[in-house]
Amino acid sequence: MTRSALAAFAAAVSPPHAPAFPLSVAAIRTELLSGLTVALALVPEAVAFAFVAGVHPLVGLYAAFLVGLITALIGGRPGMISGATGALAVVMVSLVSSHGVDYLFATVVLMGLIQIAAGFLRLGKFIRLVPHSVMLGFVNGLAIVIGLAQLEQFRIPDGQGGHAWMMGWPLATMLALVIATMAIIWVMPRLTRAIPAPLAGIAIIAALVIAFGIDVPRVGDLASIQGGLPAFHLPSVPLSFETLEIILPYAVILAAIGLIESLLTLNLVGEITGKRGGASQECVAQGVANTVTGFFGGMGGCAMIGQSMINVSSGGRTRLAAVAASLFLLSFILFGSALIEQIPLAALVGVMFMVVIGTFAWQSFRILRRVPKADAVVIVLVTAITVATDLATAVVAGVVVSALAYAWQNAKRIQARTSFTDDGAKLYQIEGPLFFGSADGFAELFTPEDDPDRVIVDFAGSRVADQSALAAVEALAARYEARGKSLALRHLSRDCHRLLNRAGQLMIDSDDDPDYGIAVDYDVRAGAFGGAH
């Protein structure tokens, strides 16, 4: 259902006929305009996240430029946008406040190296273990986080060093401009797709504010974005074990958060654009980007779901749009700061609110009553944890809960049908997997005190999965052995046969070739685990 909802959203925001590469003139124009739209939305985000991390705004802007450019060129999925993110900034703030910004740069370099290693080890493939219920919670939670982040733009300096909520006419003006921006974005695709709707909304509202001198907060009120090219800078930290002890924990956490958010965004963009693959490549790209950024005075970053959705909804489908976004952002820093700083924050807030509406999976309210209860719990849990803490914690919690729910369901499936063979042996036909969750239930299926001298356990409908299963088989054999009875296993699959044989539990005289088609009985040797179970 998530896929169908994303597909419906993609159909609503995508150009009706996406051109194939090589791009036509019209397609290039669409990609460039999409990149411009993304760049405009990146400015306040990068500045705000720099403030969250406790660093200069240019540190966030340089990260948005460098991370965005490098991942655009070598990333795993065209259409994705990367840059400085709030998920990373909230982790960085304690490091910066305790040790200074140079330790942050060193941490970002180490973070990048860890991500590169993860890519070469092909760890990105494990994103497949994230269930759709977790993905749905991630999308909803991040949409809420993006929406809540925009509320900060409704706060103004109170003259005493703090900030207060807008009241009265300023608030009404701000809300009116936000609603007007959203209305333009909604109407524009119905009139023409020549210009991305978010860009049209920003341009029209900015023109009105500048032309009529409307007094509303503008980008320049956050901070000046004027600067030069990012310069190479070796982090001024001691090359010692003590430094490594300080930065390693932060680097591991940042690398994990960055990869999780990037890979989930990669999957989301893949659902919308219909393209798959590239998880390990994305890990390497994120790692290279952060390593380079750390040496050029940037705070590091990862994929940004909000900006990625702006890009996709504006028609960006190739690497050109993401590259253009980074280059436009650099041009703002070098040449266009005076103009960009005049853009009203209300226009950018309106764009991000439309991103929230488009990102949130509204059908989740309907499907919560239709999906299994465990999946419904996971959706709500991941959404709540994403909002309350951070994305990595939410995803890990969602995967753990999903795995436990799956294990519990499979644990309840273990059962046995009994019968007797022609020679008087009792046959237990096991159904369901034998693993740590079902080991106790497996043991309860047997009655050694009442069974005949020979018992056969048929595993045609089961699998011996782990060490707990091996221990359960051994314990069962010991129970029968204590009563002077024998236990044999039948219809072992090849992997189960190898597992039991390697554990030393099968009594065999030759290297036979087990197959479901041949009813070979294997006697069981008790004591292989030495009572470890």
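Fair warning: this is a prediction, and the values are worked out from it, not measured in the lab. Residue numbers count from 1 along this sequence.
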Go through it in stages, so that I can follow the logic: the residues are Leu142 and Glu261, the test is side-chain contact (heavy atoms from CB on, under 4.5 Å), and I'd like the CA-CA distance, side-chain angles, deciding distance and then a yes or no. CA-CA 10 Å; Leu142 218 50; Glu261 183 162 358; 3.9 Å; yes
Any side-chain heavy-atom pair of Gln150 and Val356 under 4.5 Å: no
May I ask you to test the Pro131-Val378 pair for a side-chain heavy-atom distance under 4.5 Å? no
Quick one: do the Thr318 and Glu31 side chains pair a donor with an acceptor below 3.5 Å? yes
Evaluate side-chain contact (heavy atoms from CB on, under 4.5 Å) for Leu110 paired with Leu244, printing each intermediate quantity in order. CA-CA 9 Å; Leu110 182 57; Leu244 183 63; 4.0 Å; yes
Answer whether the closest heavy-atom distance between the side chains of Met299 and Leu104 falls below 4.5 Å. yes
Less than 6.0 angstrom from the centroid, inside 45 degrees of the normal: does Arg190 satisfy that with respect to the ring of Trp186? yes
For the backbone of Met166 and the side chain of Arg155, can you confirm whether one donor and one acceptor N or O come within less than 3.5 Å of each other? no
Would you call the rings of Phe328 and Phe332 parallel, tilted or perpendicular if under 30° counts as parallel and over 60° as perpendicular? parallel
Return the CE to CG distance between Met111 and Leu254, rounded to the nearest 0.5 Å. 5.5 Å
Minimal non-hydrogen separation, Ser308 against Thr265, with atom names: OG-CG2, 3.8 Å
Can you tell me how far the CG atom of Asp375 sits from the CG atom of Leu136, to the nearest 0.5 Å? 10.0 Å
Exam field: side chain Thr293 to backbone Gly300, donor-acceptor pair closer than 3.5 Å: no
On a heavy-atom basis, which atom in Gly75 and which in Arg319 lie closest, and how many Å separate them? O-NH2, 2.8 Å
Correct closest heavy-atom pair for Ile385 and Ala397 would be CD1-CB, 3.7 Å
Within 6.0 angstrom of Ile195 CD1, more than 12 heavy atoms from elsewhere: no
Is there a side-chain contact (heavy atoms from CB on, under 4.5 Å) between Leu58 and Leu61? Walk through the geometry before answering. CA-CA 5 Å; Leu58 282 176; Leu61 291 168; 3.9 Å; yes
Test Ser364 against Val380 for side-chain contact (heavy atoms from CB on, under 4.5 Å), laying out the working first. CA-CA 9 Å; Ser364 58; Val380 176; over 6 Å; no
Of Ile333, Ile340, Leu222, which meets side chain to side chain contact (heavy atoms under 4.5 Å, CB included) against Val43? Ile340
Side-chain heavy-atom pair Leu264, Val139 within 4.5 angstrom cut-off: no
For the CD atom on Glu341, are there more than 12 heavy atoms of other groups (residues, nucleotides or ligands in this structure) within a distance under 6.0 Å? yes
Answer yes if the side chains of Ser94 and Tyr250 hold a donor-acceptor pair under 3.5 Å, and no otherwise. yes
State, to 0.1 Å, how close Pro198 and Thr37 come at their nearest heavy-atom pair, and which atoms those are. CB-CG2, 3.4 Å
Between Ile225 and Val47, the two heavy atoms sitting closest are CG2-CG2, 4.2 Å
Exceeds 12 heavy-atom contacts within 6.0 angstrom, atom CG of Leu239: no
Indicate yes or no for a side-chain donor-acceptor contact from Thr71 to the backbone of Gln286 under 3.5 Å, with no hydrogens or angles considered. no
Just verifying a value: how many Å separate Asn290 CG and Ile116 CD1, rounded to the nearest 0.5 Å? 9.0 Å
Is it the case that more than 12 heavy atoms not belonging to Arg122 sit under 6.0 Å from its CZ atom? no
Heavy atoms, side chains only, cut-off 4.5 Å: are Gln115 and Glu282 in contact? no
Would you mind listing every salt bridge (Lys or Arg N to Asp or Glu O under 4.0 Å) that reaches into residues 194-209, with sequence neighbours excluded? none
Any side-chain heavy-atom pair from Ile74 and Val284 closer than 4.5 angstrom? no
Test ring-ring contact (aromatic ring centres under 6.0 Å, His included), reference Phe232, set Phe296, Tyr62, Phe105, output is Phe296
Kindly give the heavy-atom pair with the smallest separation between Ala194 and Thr192, and that separation in Å. N-OG1, 3.0 Å
Do Thr173 side-chain atoms and Trp169 backbone N/O form a donor-acceptor pair below 3.5 Å? yes
Rounded distance (nearest 0.5 Å) linking atom CG of Asn311 with atom OG of Ser313: 8.0 Å
Can you establish whether the number of heavy atoms outside Trp165 located under 6.0 Å from its atom CH2 is more than 12? yes
Can you check whether Leu266 reaches Ile127 side chain to side chain, under 4.5 Å on heavy atoms? no
Check for a donor-acceptor pair, side chain of Ser326 on one end and backbone N or O of Leu69 on the other, with a separation under 3.5 Å. yes
Report yes if some heavy atom in the side chain of Glu152 is under 4.5 Å from a heavy atom in the side chain of Phe51; otherwise report no. no
For Gly137, is there any backbone N or O sitting under 3.5 Å from a side-chain donor or acceptor partner on Asn140? no
With rounding to the nearest 0.5 angstrom, report the CD1 to CE distance, Ile357 to Met309. 12.0 Å
Distance, nearest 0.5 Å, that separates CE of Met135 from CG of Leu268: 4.5 Å
